[in-house]
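Below is one structure, written out as structure tokens; the observations come after it.
Numbers for residues simply follow the sequence, beginning at 1.
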Amino acid sequence: MKPISYSDPLAPLLIRNELFSLLPAHIDHLTVVCIGSNRINGDSLGPFVGTLLDNAYRDHVTVIGTLERPVDATNIERVHQQLLKNPNSYVLAVDSIVGPRPFVHTIAIRPGALAPGTALGKSLPRIGDVSIMGVMMEETADMSTLPYTNLHIVYQMAKVIALGLSLTVRQRYGYEPSAPLLA
């Protein structure tokens with residue numbers, strides 16, 4: 001798992017390459033669960049990604065979690081139960097996290113579920129077959145500053161992740177190069 005700087009001009013392609021290597025060949029539909037709050041800047045990465053991708057590739061991608069309808073601590077259990085009802089879905093989970101100083105403002109992708117709310121001491125259901133995580137702040141930082149995270153950085157990181165996901169879907173499912181990248 002090599003961190004990808006959100007400001008690297010090649011970041012969407014690096015995300016696509018990483019995701020492409022993790023997706024099993026037999027998967028014909030992806031569910032992207034975008035976790036986070038629409039009320040806390042540092043926790044809004046997921047809903048921004050979901051909003052950017054919503055309705056872009058309806059035949060191949062289902063997006064759960066947008067700025068309008070976020071997946072957060074209040075409803076994640078229901079979303080988790082909904083996902084369990086469809087064991088054939090392949091879930092990419094997107095969330096913001098805290099991490100060591102050298103990784104702040106990077107994107108990490110790894111196989112396996114993510115554990116939302118861990119930084120805040122919450123015990124929420126683990127979600128995803130693949131985790132896409134944006135490191136928003138240092139893990140030793142005061143969590144009370146999370147609402148004041150620079151929204152420009154959050155949005156730029158969300159655009160990069162959404163573009164990387166879009167490039168993955170376009171290549172994987174043979175979309176025309178002229179098709180729009182994002183909704």
*Determine whether Y90 and V130 make a side-chain contact, defined as any pair of heavy atoms from C-beta on separated by less than 4.5 Å.*
yes

*Taking only residues two or more places apart in sequence, or in another chain, which ones meet H80 in a side chain to side chain donor-acceptor pair (under 3.5 Å)?*
none

*Between CD1 of I27 and CG of D129, what distance do you get to the nearest 0.5 Å?*
7.5 Å

*Using the test ring-ring contact (aromatic ring centres under 6.0 Å, His included), find all partners of Y173 that sit at least two apart in sequence or belong to another chain.*
H60

*asked:* By the ring pair (Phe, Tyr, Trp, His ring centres under 6.0 Å) test, which pairs, at least two apart or in different chains, include something from residues 118-142?
replied: none

*asked:* Does any part of the side chain of C34, heavy atoms only, come nearer than 4.5 Å to the side chain of T66, both counted from C-beta?
replied: no

*Hey, does L165 have a side-chain heavy atom less than 4.5 Å from the side chain of L92?*
yes

*S44 backbone acceptor or donor facing R39 side chain under 3.5 Å*: no

_As an exercise, state the distance from CD1 of I97 to CG of L114, rounded to the nearest 0.5 Å._
8.5 Å

*asked:* Ignoring hydrogens, what is the shortest heavy-atom contact between P125 and P116? Give both atom names and the distance.
replied: O-CD, 3.4 Å

*side-chain contact (heavy atoms from CB on, under 4.5 Å) with T118: which residues, sequence neighbours excluded?*
A115

*State, yes or no, whether a side-chain contact exists between I76 and V33 at a heavy-atom distance under 4.5 Å.*
no

*Do L10 and F20 sit in the same hydrophobic cluster, where Ile, Leu, Val, Met, Phe, Trp and Tyr count as joined when their side-chain heavy atoms come under 4.5 Å apart?*
no

_Shortest non-hydrogen separation from G99 to V135 and the atoms involved_ = N-CG1, 3.6 Å

*Roughly how far, to the nearest 0.5 Å, is the CG atom of L45 from the OH atom of Y155?*
12.0 Å

*Can you find a pair of side-chain heavy atoms, one from I132 and one from L19, that are under 4.5 Å apart?*
yes

*Which atom pair, heavy atoms only, marks the closest approach of L52 to A162?*
CB-CB, 3.8 Å

*Answer yes or no: is there a donor N or O on one side and an acceptor on the other, between the side chain of R170 and the main chain of P177, under 3.5 Å?*
yes

*asked:* Taking side-chain contact (heavy atoms from CB on, under 4.5 Å) as the definition, give me every residue that meets it alongside L167, ordered by chain and number, with sequence neighbours left out.
replied: P12, L13, R16, L181

_Is it the case that over 12 heavy atoms from other parts of the model lie below 6.0 angstrom from the OH atom of Y175?_
yes

*Could you note down all residue pairs passing salt bridge (Lys or Arg N to Asp or Glu O under 4.0 Å) where residues 148-166 supplies at least one of them, sequence neighbours left out?*
none

_Between N75 and R69, is there a side-chain heavy-atom distance shorter than 4.5 Å?_
no

*Short question: side chain of S96, backbone of G42 - any donor-acceptor pair under 3.5 Å?*
yes

*asked:* Less than 4.5 Å apart, side chain to side chain, heavy atoms only: is that true for S166 and Y57?
replied: yes

*Distance in Å, D54 CG paired with L67 CG, rounded so as to fall on 0.5 Å steps*: 10.0 Å

_T149: side-chain contact (heavy atoms from CB on, under 4.5 Å) partners, not counting sequence neighbours_ = N41, M136, L146, V154

*Determine whether the side chains of H105 and S7 contain a donor N or O and an acceptor N or O closer than 3.5 Å.*
no

*Look up atom CD1 in I107 and atom CD1 in I15, then write down how far apart they are to the nearest 0.5 Å.*
4.0 Å

*Of all the heavy-atom pairs spanning S5 and A11, show the shortest one and how long it is.*
O-CB, 3.5 Å

*asked:* Using the side chain to side chain donor-acceptor pair (under 3.5 Å) criterion, which residues pair with S89? Sequence neighbours excluded.
replied: none

*asked:* Tell me every residue that passes side chain to side chain donor-acceptor pair (under 3.5 Å) with R101, counting only those two or more places apart in sequence or in another chain.
replied: E138

*asked:* H152: which residues meet the side-chain contact (heavy atoms from CB on, under 4.5 Å) condition with it, sequence neighbours left out?
replied: N150, Q156

_Residue pairs, two or more places apart or on separate chains, that pass salt bridge (Lys or Arg N to Asp or Glu O under 4.0 Å) and touch residues 70-94_ = none

*side chain to side chain donor-acceptor pair (under 3.5 Å) against S131, all qualifying residues, sequence neighbours excluded*: none

_Counting C-beta onward and ignoring hydrogens, is there a side-chain heavy-atom pair between V169 and L53 closer than 4.5 Å?_
no

*About how many Å separate CG of N55 and OG1 of T62, when rounded to the nearest 0.5 Å?*
10.5 Å

